[in-house]
Each structure stands twice: as structure tokens, then as C-alpha cells.
A.B. asks: 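Following this message is one structure expressed as C-alpha cells.
Note that the coordinates shown come from a computational prediction; the quantities given were computed from them, not determined experimentally.
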Protein chains: 2
Amino acid sequence: MSRRAVQSRIARTAESLFVDKGFEETTVDEIAAAVGMSQRSFFRYFASKDEVVLDSLARLGEEMAERLTARPPEESEWDSLRRSFDPIVERYADPGCREHDAALQRIVDCSPRLFAAYLGRLDRLQRTLAEMLLHRAACRPGRATDVLVLRATVGGAFACLHATMTHVMAEPEAFAPCLDRTMAALRPAAV
Amino acid sequence: MSRRAVQSRIARTAESLFVDKGFEETTVDEIAAAVGMSQRSFFRYFASKDEVVLDSLARLGEEMAERLTARPPEESEWDSLRRSFDPIVERYADPGCREHDAALQRIVDCSPRLFAAYLGRLDRLQRTLAEMLLHRAACRPGRATDVLVLRATVGGAFACLHATMTHVMAEPEAFAPCLDRTMAALRPAAV
DNA sequence: GCAATGATTGACAGTCACTGACACATACTG
DNA sequence: CAGTATGTGTCAGTGACTGTCAATCATTGC
């Protein structure tokens with residue numbers, strides 16, 4: 001069985017345990033036993049207990065980066081960022097994905113430690129996207145780009161995304177309209 | 001000796017150890033021994049090793065909250081937030097504070113785990129300030145406030161702050177102008 | 001068909017953050 | 001002086017994570 005498949009099997013097992021007992025209350029030993037492997041082997045597939053939950057976020061991040069590269073260079077940064085959020089919007093549109101993601105989000109929100117790790121991943125993703133946009137701006141001649149403002153812009157777009165996600169989690173509402181509303185409200189004046 | 005004083009003594013000792021050996025490489029036992037107390041007593045003053053470093057951030061957060069309450073209710077949220085960031089600007093103006101804060105920031109940046117915890121605290125602070133602004137808006141009659149947009153706005157302001165801090169850490173530049181530049185660029189259109 | 005090789009695994013021991021329980025000492029209060 | 005609150009050390013225990021070693025298993029070359 002491929003590494004990817006084993007990871008997926010572990011993740012599914014672990015997540016159902018987390019839903020049942022909570023993240024902190026579930027030990028790695030229990031997960032390993034439920035999967036049918038030693039604790040040591042668990043750590044060969046995931047660097048930490050956190051990563052079991054945050055792994056899907058990493059894959060979503062890669063997808064977002066791909067979407068960003070696919071955007072036309074002349075598009076405004078803000079609109080490109082909005083489009084790179086589309087994978088999340090699409091996942092939310094699929095009821096199966098939405099249920100699963102909501103369960104994960106609930107697990108993350110219930111553990112401060114895990115939630116912090118989640119924010120750490122989000123921050124790294126922001127750096128990646130900012131770097132990509134910086135590179136894109138450098139290739140396109142014209143007015144000089146302000147690195148500082150660009151990074152803040154990426155952070156602002158993610159703030160919209162984050163606010164929307166927590167808001168939609170609390171009271172079920174359509175995702176895309178909320179995201180569009182916040183991103184319209186915070187859109188930088190300089191295009 | 002007061003609790004506060006003991007905490008401060010532990011923090012000073014721990015920070016110098018962190019600077020020397022790094023955060024992860026310094027054990028709680030070492031810190032406790034350097035201070036001259038048992039490990040158990042260390043945990044009576046700080047709930048975790050992280051908190052030794054993040055404690056000063058908590059106090060700064062309280063100061064920011066105080067500044068925000070002191071702002072006039074009719075002021076725009078964006079400007080009020082900018083003013084609540086003043087304590088950071090002021091600390092940066094004092095060379096002694098700047099050196100100390102920069103050292104702390106370097107410690108935090110070097111440990112992904114600690115950095116994540118730092119982001120977690122920042123997020124909680126954002127929720128607090130958003131709650132305060134929401135309450136302020138509710139008291140003031142007039143047009144209804146969009147909770148979602150308000151939260152995103154707070155997140156956007158913090159994105160400016162965060163971008164500025166990391167930028168100024170990398171290449172020494174005056175703090176206030178950078179912060180003002182980003183916050184001018186991301187200022188929401190609706191006042 | 002078989003041996004060498006490399007990857008995967010379990011078992012075990014060890015480190016470190018953190019917690020609970022208990023005993024002891026000091027200082028304040030009636 | 002008895003009682004109580006508070007701060008402390010000691011000890012044992014849990015749980016995440018790591019290093020090491022030996023066994024197993026599949027692949028490759030001959």
C-alpha cells in the first residue's frame with residue numbers, strides 16, 4: 001500500500017476518534033492501536049499528532065498556490081487572491097466535503113494548541129502566496145511594487161477568508177457571498 | 001517577593017538562556033535550576049514554557065485594549081485600531097524596549113511551535129478588540145454594523161501590523177511610517 | 001533460484017513538558 | 001496558641017516524541 005494511502009487510512013481513523021473523544025483526550029497509542037500499527041510507525045507517517053488534522057490543510061494550500069499561478073499577471077493582486085480562495089468555496093459547495101471540513105474545523109477550534117498550529121500553517125501559506133505575487137510583480141515592468149504593502153495585502157485577504165470561515169461555521173450561510181462581501185469591503189483602493 | 005516580581009525574574013533568566021541556546025534546546029529544568037527553584041514551582045508561575053515568552057505580549061494586548069476604549073465612539077474603526085497600535089509604536093521608539101522586543105521576536109520566530117502559539121494569542125486579541133468595537137457600534141445608533149465585515153476589518157488591521165513588524169525586523173526602518181503606509185493602503189473604502 | 005540490498009516495521013528505552021498528590025515550612029489571624 | 005492560607009520541594013505518573021536495533025519483506029542483479 002502506498003504511503004499516501006496509509007496516511008489517509010490513519011487520518012480517517014484518527015478523525016473519527018477525535019470526533020468521539022476530542023483531540024487532547026485521544027492518545028497517539030489509541031490511534032495507532034485502532035489503525036493496527038505501533039506508535040513508532042504512526043510517527044513514520046505523521047511528524048506529529050497535529051499533522052494528522054492539518055495535513056488536509058496543507059493539500060488545500062497547494063491547490064490555492066496552483067490557482068494563483070494560473071491567474072493572468074495583469075490581474076489585480078486582490079482579485080487573484082480571491083480566485084485562489086476558490087478551492088475552499090468549491091469544497092464548501094459539496095455537502096460531503098463541507099460536513100467533513102466542518103468536523104475538522106470543530107476539532108481544531110476546540111484545541112487551542114491545535115488552533116495555534118493551524119494559524120501557523122496559514123501564516124506560512126500567506127508567505128508563500130506573497131512571494132509568488134512579488135515574483136509576478138517583478139516580472140511585469142511598470143511601477144515598483146511595495147513589498148511591505150503587498151504582504152499586508154495578502155494578510156488582509158486572508159483576514160477576510162478567516163473571518164468568513166469562522167462566521168459561516170457559527171451560523172450556516174452561503175460561503176461565497178460572505179467572502180465576496182468582506183473582500184469588497186476591504187479591497188485596497190489602489191486597484 | 002510578589003508573584004509579579006518572581007515571574008519577571010524567571011522571565012529574565014529564561015530569556016537569556018533562550019538567546020544563548022535557543023528555545024527548544026532549553027529545558028524547563030534548566031530554567032528552574034538557573035532561577036534556583038524546582039521545576040514544579042516554575043509551573044506555579046507559568047502555565048507553560050511558551051508563556052514565559054508570550055507573557056509580555058499578553059500585557060501589551062491589555063494596553064492595546066485600554067487604548068481602544070479610550071477612543072471616541074464616532075471615530076472610524078480603522079483609525080481607532082491604528083491608535084490602539086500606538087503602544088507598540090511607542091515601545092519601538094525606546095531603544096531599550098526595542099532591543100528587548102527584537103530579541104524576543106527572534107526567539108519566537110526561530111521556533112515554529114512558539115510562533116504558532118504567538119499567532120494564537122494574536123488571534124484571541126483580535127477577537128477581543130472586535131468584540132469591543134462591536135459593542136461600541138451597537139451603542140451608537142445609526143446604520144447597522146456588519147459583524148462579519150467588522151471582524152475582517154480587525155483582521156486586516158492586524159495584518160498590517162504583522163506585516164510591518166516582520167518587515168521592520170528584517171531591515172531596520174522607522175516603525176510608524178511603515179505601519180501608516182500599509183494601513184493607508186488597506187484602509188476600507190467605507191470610512 | 002538465490003543472495004545482496006534497501007525500505008518498512010515493531011520493540012524498547014529514553015527525553016521532555018506537564019500534572020496531581022502529599023508533606024513540610026512559614027506567616028498571618030483569631 | 002490553634003488554625004489557616006500560602007509557597008515550596010519531592011515524587012510518581014502520563015503522554016508526545018526520538019533514537020536505536022533487529023527482524024521482515026520486496027526488489028534487483030546475477
A.B. asks: Any side-chain N or O of A/Y45 under 4.0 Å from OP1/OP2 of C/dT8?
C.D. replies: no

A.B. asks: Check B/E77 with B/R71, please: is the shortest side-chain N to carboxylate O separation under 4.0 Å?
C.D. replies: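 Looking at B/R71 and B/E77, the cut-off is not met.
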
A.B. asks: I'd like to know if the side chain of A/Q7 and the backbone of A/Y45 have a donor-acceptor N/O pair within less than 3.5 Å.
C.D. replies: yes

A.B. asks: Quick check: any donor-acceptor pair below 3.5 Å linking the side-chain of B/R3 to the base of D/dG7?
C.D. replies: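 For B/R3, whose side chain was compared with the base of D/dG7, there is no donor-acceptor pair (under 3.5 Å).
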
A.B. asks: Tell me the interatomic distance from A/I10, atom CD1, to C/dT8, atom P, rounded to whole angstroms.
C.D. replies: 13 Å

A.B. asks: In terms of the nearest nucleotide of DNA chain D, which residue is placed more toward the 5' end: A/E24 or A/R44?
C.D. replies: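 Of the two residues, A/E24 wins.
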
A.B. asks: Starting from C1' on D/dC17, measure out to CG on A/D50 and report it in whole angstrom.
C.D. replies: 12 Å

A.B. asks: Using a strict cut-off of less than 4.0 Å between a Lys/Arg side-chain nitrogen and an Asp/Glu carboxylate oxygen, indicate whether B/R83 and B/D86 qualify as a salt bridge.
C.D. replies: yes

A.B. asks: Does B/T27 offer a backbone N or O that forms a donor-acceptor pair with the side chain of B/K21 under 3.5 Å?
C.D. replies: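 Such a contact is absent between B/K21 side chain and B/T27 backbone.
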
A.B. asks: In terms of side-chain geometry, is the basic nitrogen of A/R59 or A/D55 positioned less than 4.0 Å from the acidic oxygen of its partner?
C.D. replies: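 Salt bridge between A/R59 and A/D55, a charged N being under 4.0 Å from a carboxylate O: yes.
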
A.B. asks: To the nearest angstrom, how far is A/L17 atom CG from D/dG15 atom C1'?
C.D. replies: 16 Å

A.B. asks: Specify the residues of residues 27-43 of chain A, ordered by number, for which at least one heavy atom lies under 4.0 angstrom from an atom of DNA chain D.
C.D. replies: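 Close to the strand are A/T27, A/V28, A/Q39, A/R40, A/F43.
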
